[in-house]
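Counting begins at 1 with the first residue of the sequence. All figures in this text were calculated on a predicted structure; none of them were measured in a lab.
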Amino acid sequence: MTKAAAWARPSRFDDSGNRRPTSARWRAERLNPPHRLWGSNGVAFGPDGRLYVAEYLAGRISAVDPATGDVDVVVPMDSPVQSPDDLAFGADGSMYIADLVPGRVWRRSPEGAYTLVSDRVRMPNGITCVGDRLFVNEMLPGGRLVELFPDGGDPVVLTDDLAMGNAMQRGPDGHLYYPHMLTGEVWRIPADGGQAEVVARQVHEPVAVRFDRGGVLHVLSRGVEGIVTRIDLHGSGSRTQVVSGLTGLDNAAFDGENRMFVSSYAGGGITELRPDGRTREIVPRGLGGPYGVTVDLGGTVYAGDHYRLATPAATHEGEPVRLPAASGTGGGVASLTFLPPFVHGVAADGGLVHSTSQYGEVHTHDLAHDTSRLRAKGLDELRGIAVAPDGSLVVAEAGAARIVTVDASDTVTVLAEGAGRPVDVALDAQGGVYVSDESHGAVLRVEDGELRTVVDGLGAPQGLAVLGDELFVVEAAHRRLRSVSLTTAESRIDAEDLPLGPPPGTVPRTRPALFAHGMPGVPRLFAGLAAAPDGSLLLAANGEGTVLRFTPVRAQDEAPGARESPAPGTASEK
């Protein structure tokens, strides 16, 4: 595939596939293909025969044509729905949506009108319709399974003490079947209430239960291997397993021909899974973010992708891209490390990759030995991370408005505080620490525990990187890359039209909570930036699900655009 063809692919950011970054100084190329779905969670066939997909990370729902793979957004990112995790269709064609984080259940009529069914369910996830009846369970330890009434009325609790419920369905016997995610069990209860009972134990990491057209129960695993356990409860009682290799299965739906289509919360996409374990991609999998990005000294690129540490893959066999030999057309994404989840900021250091979680943890991953070590926990919304010359980790603690370090003994020390919302950190060759302050629109430098302004007047600065005597910062609000001279503090816009954030034209909406009922909520977007050993820059292009590589154009080809004068309040004026 040519580089021009690589930019002609539709993405979740640009349906036309024609939008690409503009720059006189840098040449942009993709290290992996763009992704159409922003993750894929609950799925259900609609009355029109299309497969409807809940995109939890984006807060939208799309419809997929199983024959062509075409994707149409049905519930956009600026709808009342914030974090759809599962959906079901009623007898009249209405779509019912489990809006996980705010604890709401919605009805979307066939005409497209939204009605709030209930806001009295905590972390609603598994949802199913039985005729005109609507049932929802809670994804919590000690959660409930309830019946809701779209026309009004208090929820009726069928049972409680669920060990984290999830995708459920009515079985051939009229009972509701649901997983206990924490205990590896499948349970059932009569739809009219009664005694709940366990029907299967020691099921591998169950996340969803689905019956095929023949009444055979399929239990999907959320693990790395993509295991599906088939249990013929109402026939021979046999149990078999299929290992699909689809990491992080979330849900499934069977069409009229009994073909099974599965989703992946980790890699997104939609895949047909056949009884013998063979797969057929309908919508290719990819990155749900990415968030942070880094590259090691050997040129291997890593991305923090919320549920996993991933790397762009040069081939569908999963060989990682290594710079500077990247072709720009990429073959996909290879998942490297799946646990612990919630990987956001990343920094490579020898054979290690350090990561932060927006839920307050710092980990170090030894990729050669496939192990992870917890370095810190209980911090407040961590974002960017960098490695200092002495090996300590420098971390942006956005929720606490401070920069902290984690030393070799895992001691956390405050390096500086008083930033508005620090998002990323970067170090220069002398070990000087720079911080992007998203809320104040500035890049700061840490000097003797104090924060000094380097440049301000920026639009939501996020990713930071240093190359030589230049600092580069991603202005997420303006979708552009800016360079700043560390010698003179002069700055200029180096690249524009970056595929960051929601698609152009999306109306800002209520941001889902980061936590809900003590459980992780929806992470904040973070456009990470990294400098590669070969002098290129790597950008986490979270609007389309790619890692972009920017390589310098030849000096004689660079446009003569002069650097802009420093913005008011920058270091050069002080």
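- No side-chain donor-acceptor contact under 3.5 Å links Asn32 to the backbone of Pro312.
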**Request:** I would like to know whether His218 and Val209 meet side chain to side chain contact (heavy atoms under 4.5 Å, CB included); could you show each step before the answer?
**Result:** CA-CA 6 Å; His218 293 64; Val209 296; over 6 Å; no

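- Of the possible donor and acceptor atoms, one in the side chain of Thr356 sits under 3.5 Å from a partner among the backbone N and O of Gly345.
- Ion pairing between Asp410 and Arg373 holds under the 4.0 Å rule for side-chain N and carboxylate O.
- Taking 4.0 Å as the cut-off between side-chain N and carboxylate O, Asp192 and Arg133 count as a salt-bridged pair.
- The CD atom of Glu381 lies 11.0 Å from the CZ atom of Phe526; values are rounded to the nearest 0.5 Å.
- Using the six-membered ring where Trp is involved, Tyr291 and His306 have ring planes that are tilted, between 30° and 60° apart.
- With Ile385 as the partner, the side-chain contact (heavy atoms from CB on, under 4.5 Å) test is satisfied by one option alone out of Val406, Val353, Val362: Val362.
- Side-chain contact between Val522 and Leu514 is absent, with no heavy atoms from C-beta onward closer than 4.5 Å.
- The closest side-chain heavy-atom distance from Leu37 to Val71 is below 4.5 Å.
- Separation of the Phe254 and Phe261 ring centroids does not fall under the 6.0 Å cut-off.
- Between the side chains of Ser221 and His204, at least one donor-acceptor pair of N or O atoms lies under 3.5 Å.
- Between the side chain of Thr128 and the backbone N or O of Gln169 there is no donor-acceptor pair closer than 3.5 Å.
- For the residue pair Ser62 / Glu55, a side-chain donor-acceptor distance below 3.5 Å is found, with atom types taken as modelled.
- Between the CG atom in Asn125 and the CG atom in Asp86 there is a gap of 6.0 Å [rounded to 0.5 Å].
- Under a 3.5 Å cut-off, the side chain of Ser83 and the backbone N or O of Val101 do form a donor-acceptor pair.
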**Item:** Verdict with reasoning, Val121 to Leu148, per side chain to side chain contact (heavy atoms under 4.5 Å, CB included)
**Value:** CA-CA 9 Å; Val121 184; Leu148 299 179; 4.0 Å; yes

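- The side-chain heavy atoms of Leu87 and Tyr52, taken from C-beta on, include a pair separated by under 4.5 Å.
- When all heavy atoms of Ala252 and Arg210 are compared, the closest pair comes out as O-NE, 2.9 Å.
- Summarising the geometry of Pro290 relative to Asp305, their closest heavy-atom pair is CA-OD1, 3.8 Å, with the distance given to 0.1 Å.
- Relative orientation of the His363 and His365 rings is parallel, given thresholds of 30° and 60° on the angle between their planes.
- A salt bridge links Arg120 with Asp154: at least one charged nitrogen is closer than 4.0 Å to a carboxylate oxygen.
- Looking only at side-chain heavy atoms (C-beta outward), Arg524 and Arg383 come within less than 4.5 Å of each other.
- Residue Gln195 qualifies as open at atom CD: its count of foreign heavy atoms under 6.0 Å is 12 or below.
- Within the model, atoms OH of Tyr359 and CG of Asp380 stand 12.5 Å from one another, a figure rounded to the nearest 0.5 Å.
- In terms of heavy atoms, Leu182 sits closest to Pro141 at CD1-CG, 4.1 Å.
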**Request:** List the steps and the verdict of side chain to side chain contact (heavy atoms under 4.5 Å, CB included) for Arg188 and Leu233.
**Result:** CA-CA 12 Å; Arg188 69 179 177 186; Leu233 287 174; 5.7 Å; no

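- Residue Val43 comes nearest to Ser263 through the heavy atom pair CG1-CB, 3.8 Å, listed as atom of the first residue, atom of the second, then distance.
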**Request:** Let me see the working for Ile127 and Val105 under side chain to side chain contact (heavy atoms under 4.5 Å, CB included), right down to the final yes or no.
**Result:** CA-CA 9 Å; Ile127 187 168; Val105 177; 4.0 Å; yes

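- Two residues are said to be in side-chain contact when any heavy atoms from C-beta on lie closer than 4.5 Å; Val53 and Ile270 meet this criterion.
- For an aromatic pair to be called close, the ring centres must be under 6.0 Å apart, and Tyr56 with Tyr265 fails this.
- In plain terms, the two heavy atoms of Met168 and Asn137 that are nearest each other are SD-ND2, 3.3 Å.
- Looking only at atom types and distance, the side chain of Asp366 has no donor-acceptor partner in the side chain of Thr371 under 3.5 Å away.
- At a threshold of 4.0 Å, the pair Glu544-Arg12 does not count as salt-bridged, since none of the basic side-chain nitrogens sits closer than that to a carboxylate oxygen.
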**Request:** Go through the steps for Asp255 and Arg213 under the test salt bridge (charged side-chain N to carboxylate O under 4.0 Å, His left out), then give the verdict.
**Result:** CA-CA 8 Å; Asp255 69 3; Arg213 298 290 176 173; over 6 Å; no

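- For the salt bridge (Lys or Arg N to Asp or Glu O under 4.0 Å) with Arg107, the qualifying choice from Asp151, Asp92, Asp99 is Asp92, the only one to do so.
- The pair Lys377-Glu361 does not meet the salt-bridge criterion, since no charged nitrogen lies less than 4.0 angstrom from a carboxylate oxygen.
- Atom CZ of residue Arg60 and atom OG1 of residue Thr506 lie 8.5 Å apart, to the nearest 0.5 angstrom.
- Counting heavy atoms from C-beta on, the side chains of Met77 and Pro503 come closer than 4.5 Å.
- Here the straight-line distance linking atom SG of Cys129 with atom OH of Tyr96 works out to 6.0 Å at 0.5 Å rounding.
- Side-chain atoms of Thr364 and Arg375 include a donor-acceptor pair closer than 3.5 Å.
- Within the 6.0 Å centre-distance limit, the rings of His180 and Tyr178 are counted as a close aromatic pair.
- In this structure, Phe45 has its ring center at least 6.0 angstrom away from the ring center of Phe89.
- Rounded to the nearest 0.5 angstrom, Glu281 CD and Thr271 OG1 are separated by 5.5 Å.
- The two residues Pro110 and Ser94 have their closest heavy-atom pair at CD-OG, 3.6 Å.
- Looking at Arg50 and Asp48, a side-chain N of the basic residue comes within less than 4.0 Å of a carboxylate O on the acidic one, giving a salt bridge.
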